[in-house]
Participant: 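Got a structure for you, written out below as structure tokens; questions coming shortly.
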Amino acid sequence: MLCASDYIAKSGWRHGSRVRSARERGTWSINIEPCSRDLRSTSEGQKHGSRRNNDHWTSEEVKELVDGVSVYGVGPWTKLKNERFPISIRTAVHLKDKWRNLVKAFTGNVKRRISPRLDKDCVEKIKRLAADYPRK
DNA sequence: CTTAGGG
DNA sequence: CCCTAAG
């Protein structure tokens, strides 16, 4: 019965040692920009003081995602992506992945502190939406 | 290309 | 996150 076939080994996002980062992840800045102050083509370069440039989702993204889902629904991630954040290279695959991960992180385990301390409203919406249409 | 599921 | 499969 399939022995320990853990070809993936690491359950994280890295696939062993692929390390293919550094792709088209330069600018994204969600819909809501705190202040139009960017484009610093001077030195610094690799340091980035940085806000949320690439990698990892944040409460802002989750909020937008939940907001879009609450009105659009699960499925049309493409539309959501084009309506919410056409900027950035967040494709439907990523959106779905985030949703899945979020739902799995909230449903069931009520006692769990998530990474970026999401607001109660956010969690409630996610739970409500996740329980609304069970695509499982 | 987009959605859906698994690793 | 990345890959694969089906539409």
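Protein chains get the first letters and strands the later ones, always in sequence-line order, with residue 1 at the start of each.
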Participant: In whole angstrom, give the distance that lies between atom OH of A:Tyr72 and atom P of B:dT2.
Facilitator: 16 Å
Participant: Just N and O in the side chain of A:Arg100: are any of them under 4.0 Å from OP1 or OP2 of C:dC1?
Facilitator: no
Participant: Is the phosphate of B:dA4 approached by A:Trp99 (side-chain N or O, under 4.0 Å from OP1 or OP2)?
Facilitator: no
Participant: Would you mind reading off the distance between A:His94 atom NE2 and C:dC2 atom C1', rounded to a whole angstrom?
Facilitator: 8 Å
Participant: Please give, in whole Å, the distance from C:dC3 P to A:Asp97 CG?
Facilitator: 12 Å
Participant: Mind checking side-chain hydrogen bond (donor to acceptor under 3.5 Å, both in side chains) for A:Thr91 and listing every partner two or more places apart, or none if nothing turns up?
Facilitator: A:His94
Participant: Return the value, rounded to whole Å, for the distance between atom CG of A:Asn82 and atom C1' of B:dC1.
Facilitator: 12 Å
Participant: Take the protein atom NZ of A:Lys96 and the nucleotide atom P of C:dC2, then report the distance between them rounded to whole Å.
Facilitator: 16 Å
Participant: Cation-pi check for A:Trp57 against A:Arg90: NZ or CZ below 6.0 Å from the six-membered ring centre and within 45 degrees of the axis, yes or no?
Facilitator: yes
Participant: Any sub-3.5 Å donor-acceptor pair from A:Glu64's side-chain atoms to A:Glu61's backbone N or O?
Facilitator: no
Participant: Measure from CG on A:Asn101 to P on C:dC2 and round the result to the nearest Å.
Facilitator: 14 Å
Participant: Rounded to whole angstroms, how far apart are NZ on A:Lys104 and C1' on B:dG7?
Facilitator: 11 Å
Participant: Rounded to whole Å, how long is the line connecting atom CH2 of A:Trp57 with atom C1' of C:dC1?
Facilitator: 12 Å
Participant: Applying salt bridge (Lys or Arg N to Asp or Glu O under 4.0 Å), can you list everything that pairs with A:Arg128, at least two apart in sequence or on another chain?
Facilitator: A:Asp132
